[in-house]
Number of protein chains: 2
Amino acid sequence: MQLRGFNGFSYADVAVELHVTKASLHYHFAGKADLGESLIRRYDDRFARALAEIDGRRGGAPAKLDAYAALYGRALEGERMCLCGMLAAEYQTLPEAMRRAVVEFFDRNEAWLADVLREGKRSGSLDYPGSARDVARTIISTLEGALLVSRPYGDEAHFHAASRRLLQSLRRAPGR
Amino acid sequence: MQLRGFNGFSYADVAVELHVTKASLHYHFAGKADLGESLIRRYDDRFARALAEIDGRRGGAPAKLDAYAALYGRALEGERMCLCGMLAAEYQTLPEAMRRAVVEFFDRNEAWLADVLREGKRSGSLDYPGSARDVARTIISTLEGALLVSRPYGDEAHFHAASRRLLQSLRRAPGR
DNA sequence: GTCTATAGGCAGATAGAC
DNA sequence: GTCTATCTGCCTATAGAC
């Protein structure tokens, strides 16, 4: 799904890769929509665990944002896309249950980022105009877009240029 | 393609909408890849014409960037995605000719933006660190990402929050 | 829980009449 | 240039043996 999208792979593809038959897959995931939703939930869980791990480290808000961006960067290995970014593109063709799971992923990310942003502003390590929620959304958009546009170029530099510039713009400008 | 992606529509869908048969479509576009490539080229041409129109207006670099962002915003009508943003997501499954056309679209945009950015810096209306090319890439990434993430929310505010913040960050800070 | 076999439908594509 | 008719292949999904 991260490589080819929900509409770009089949039960047959998965069956070959796992050395089982399509029928066996149907035993575990009754329909393709169930498989899709399960994969989103697993992705969301893993992401949430990674965020909790970041919260557990010592380091201020800027370091947390750096670590957050690095999570996205991992998708570049294997020319993958963020799973939910991919599904945002295919959103109009997704079954309802998958749509809900995608939105929940973004909501969770937005909430975590907004907390970090408020913490950073309070401690003076970050500065930004407007609401933490809007900035959180901008961060998600920028990172997703950077991954997206990197794909045709097979070029990590595309991603890193955008992510570095974004994080830099949120750090408190020293001389102001 | 902008709504459902290249893998999300069929000849049958198009035939119904145009009140013709699939066979008639095959007369004009031998294969789906030909149809896809033609649509990218048409999109690219229209975009290039819109950029030339922006160049023809009076108004400095900041106004041009605003107009550029507004082009992306138009896709939000009808919950569409930028065609090439959509195809960037599906890139791994695209025929080679379509891949090339997608990259050409992004290259053209990058070149146009880099020109505007250099012009803005020369005239003092814009300020940014790093190369114009890197900033151009960041602009494209951010706008594509803002469109992408807006989709699950059906919410233009998502897009506009990110695009406004981006353009603001490039305007020369008055007090520096 | 995995398999073989197959259903039923839709995909992209072509032949050939008009 | 558009049509009807059809092909071949893949899709998701199911039945039922082991």
Side-chain angles (χ1 to χ4, degrees), chain A residues 1-45 78-81 83-84 86-102 151-152, chain B residues 1-45 78-81 83-102 152:
Chain A
M1 279 171 74
Q2 288 184 257
L3 190 66
R4 307 178 46 101
F6 184 67
N7 296 322
F9 80 93
S10 71
Y11 264 53
D13 296 327
V14 179
V16 166
E17 198 142 330
L18 299 185
H19 306 292
V20 294
T21 62
K22 293 183 285 172
S24 295
L25 287 182
H26 276 287
Y27 173 81
H28 295 280
F29 304 96
K32 202 185 175 189
D34 302 280
L35 172 58
E37 188 185 346
S38 292
L39 288 175
I40 303 171
R41 304 259 178 229
R42 187 181 72 170
Y43 189 82
D44 194 7
D45 285 351
E79 317 217 42
R80 274 143 47 223
M81 175 68 193
L83 179 63
C84 289
M86 177 65 82
L87 296 176
E90 296 180 293
Y91 197 76
Q92 294 291 333
T93 67
L94 296 184
E96 183 55 32
M98 287 182 66
R99 290 188 178 194
R100 273 195 300 271
V102 168
R151 288 169 68 77
Chain B
M1 279 171 73
Q2 288 185 258
L3 191 65
R4 307 178 45 100
F6 185 68
N7 295 323
F9 80 93
S10 70
Y11 264 55
D13 296 328
V14 178
V16 166
E17 198 142 330
L18 298 185
H19 306 293
V20 293
T21 61
K22 291 184 289 172
S24 295
L25 287 183
H26 276 287
Y27 173 80
H28 294 280
F29 303 96
K32 202 186 176 189
D34 303 279
L35 173 57
E37 188 185 347
S38 292
L39 289 173
I40 303 171
R41 304 262 177 225
R42 188 181 73 170
Y43 188 83
D44 194 7
D45 285 350
E79 318 217 41
R80 274 143 48 225
M81 177 68 193
L83 179 63
C84 289
M86 178 64 83
L87 297 175
E90 295 181 293
Y91 198 76
Q92 294 291 332
T93 67
L94 296 184
E96 183 54 33
M98 289 183 64
R99 290 188 178 193
R100 272 194 301 269
V102 168

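Residue numbers start from 1 in every chain, and the chains themselves are labelled A, B, ... in the order their sequence lines are given, proteins ahead of strands.
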Side-chain heavy atoms of A/Leu35 within contact of A/Phe9, under 4.5 Å: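 The answer is yes, as the side chains (C-beta and beyond) meet within the 4.5 Å cut-off.
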Do the non-hydrogen side-chain atoms of A/Arg151 and B/Gln92 ever get within less than 4.5 Å of each other?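 Yes. Closest side-chain heavy atoms under 4.5 Å.
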Heavy-atom closest contact ([X] atom, [Y] atom, distance):
X        : Y       : value
B/Val102 : B/Leu94 : CG2-CD1, 4.4 Å
B/Met1   : B/Met98 : CE-CE, 3.9 Å
B/Leu83  : B/Ile40 : CD2-CA, 3.8 Å

Does anything in residues 11-23 of chain B form a side chain to side chain donor-acceptor pair (under 3.5 Å)? List the pairs, not counting sequence neighbours.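 Counting only pairs at least two positions apart or across chains, the side chain to side chain donor-acceptor pair (under 3.5 Å) contacts touching residues 11-23 of chain B are B/Ser10-B/Asp13, B/Thr21-B/Ser24.
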Spacing between B/His26 atom NE2 and D/dA5 atom P, to the nearest angstrom: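 Rounded to whole Å, this separation is 18 Å.
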What is the 5' to 3' range of DNA chain C, first to last nucleotide, that sits under 4.0 Å from any heavy atom of chain B?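 First-to-last contact on DNA chain C, by the 4.0 Å heavy-atom rule, is C/dA11 to C/dA15.
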For the pair A/Arg99 (side chain) and A/Tyr91 (backbone), establish whether a donor and an acceptor sit closer than 3.5 Å, ignoring hydrogens and angles.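 Looks like yes, one N/O pair under 3.5 Å.
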Checking the side chain of B/Glu90 only, and the main-chain atoms of B/Phe6 only, is there a donor and an acceptor separated by less than 3.5 Å?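 Checking the backbone N and O of B/Phe6 against the side chain of B/Glu90, a donor-acceptor pair under 3.5 Å is found.
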Heavy-atom nearest nucleotide on DNA chain C for B/Ala33 versus A/His28: which residue maps closer to 5'?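 This one resolves to A/His28.
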For DNA chain C, the residues among residues 1-18 of chain A that have a non-hydrogen atom under 4.0 Å from it: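 Correct list: empty, so none.
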